[in-house]
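For reference, positions follow the sequence shown, starting with 1.
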Amino acid sequence: MTADRRIRRSREALHRALIALVLEKGYETVTIQDIVARADVGRSTFYAHFDSKEDLLTSGMAELRTLLLAHQEAALAGRGGLDARSLGFSRALFEHVPSYREVYRALVSERGSAIVLNRLRGLLADLVRQDLAAMAPPEEGGPVPRSALVHFVVGALIAMLTWWTERNCDLPPASVDAMFRRLTIPALAAALGTTPETGT
């Protein structure tokens with residue numbers, strides 16, 4: 001086995017161990033010793049790859065940001081109105097879930113970590129802010145403050161993720177995204193004083 005494959009297998013084993021333990025007993029009570037014992041690796045192996053259990057749980061977030069940014073940029077560069085171009089990263093987010101369902105369950109469940117969930121919220125808030133800035137420059141004294149609009153959209157995303165993952169629905173990502181957009185795009189359009197179809 002090559003060194004790269006050994007590294008990947010060790011990281012995957014640690015990740016699976018943490019997620020299983022979080023769902024069993026809650027993030028706050030899980031220790032690094034618990035993780036290495038479940039993964040059947042030494043503490044030195046853990047620290048060769050991660051600084052902390054939070055670092056382990058969020059290790060895939062940088063890759064997720066890159067993925068969502070690429071979809072956002074492609075949507076904003078396209079043609080169409082608010083419904084076609086805004087929140088272009090949402091479907092990619094929902095399509096990411098099936099491969100990492102247990103990770104998302106751990107993130108959004110009551111047994112998860114508020115610190116880690118807040119990091120996901122921050123990632124999504126950055127994307128929503130960029131999206132809104134591209135679609136409609138903020139206006140002083142507008143009917144809905146931009147910060148409130150960002151908070152609303154991020155809350156809707158997290159709520160839909162929580163509903164979907166906790167219910168273990170068989171709904172495909174495209175259907176979940178369609179529901180999210182049906183709920184969110186009209187509210188965005190109303191807050192921005194535009195129409196979903198034209199964006200003006």
**OP:** Take Leu69 and Gln130 through the test side chain to side chain contact (heavy atoms under 4.5 Å, CB included) and record every step on the way to the result.
**Re:** CA-CA 10 Å; Leu69 271 173; Gln130 293 169 20; 3.4 Å; yes
Subject >> From Leu132 atom CG to Leu87 atom CG, the distance as rounded to the nearest 0.5 Å >> reply: 7.0 Å
Original post:
Where the side chain of Arg181 meets the backbone of Asp83, is there a donor-acceptor pair that is under 3.5 Å apart?
Top reply: yes
Subject >> Donor-acceptor under 3.5 Å (Asp131 side chain, Ser86 main chain) >> reply: no
**OP:** Kindly indicate whether the side chain of Met135, heavy atoms from C-beta on, has any atom under 4.5 Å from the side chain of Leu76.
**Re:** yes
**OP:** Please check if any side-chain donor atom of Ser52 sits under 3.5 Å from a side-chain acceptor atom of Asp55, or the reverse.
**Re:** no
Original post:
So how far is it from Ser10 OG to Arg5 CZ, rounded to the nearest 0.5 Å?
Top reply: 12.0 Å
Subject >> Contact check, side chains of Ile32 and Phe50, non-hydrogen atoms, under 4.5 Å >> reply: no
**OP:** Hey, could you give me the CD1/NZ distance between Ile35 and Lys53, rounded to the nearest 0.5 Å?
**Re:** 7.0 Å
Original post:
Given Phe94 and Leu161, is the side chain to side chain contact (heavy atoms under 4.5 Å, CB included) satisfied, shown in steps?
Top reply: CA-CA 8 Å; Phe94 293 117; Leu161 280 171; 3.9 Å; yes
**OP:** Could you go through the side chain to side chain contact (heavy atoms under 4.5 Å, CB included) check for Thr29 and Asp34 one step at a time?
**Re:** CA-CA 9 Å; Thr29 61; Asp34 292 333; over 6 Å; no
Subject >> Point-to-point distance, once rounded to the nearest 0.5 Å, from CE of Met179 to CH2 of Trp163 >> reply: 4.0 Å
**OP:** Look up atom CG in Leu14 and atom CZ in Arg9, then write down how far apart they are to the nearest 0.5 Å.
**Re:** 12.5 Å
Original post:
Between Thr184 and Phe152, does a side chain to side chain contact (heavy atoms under 4.5 Å, CB included) hold up when you go through it step by step?
Top reply: CA-CA 9 Å; Thr184 308; Phe152 167 78; 4.2 Å; yes
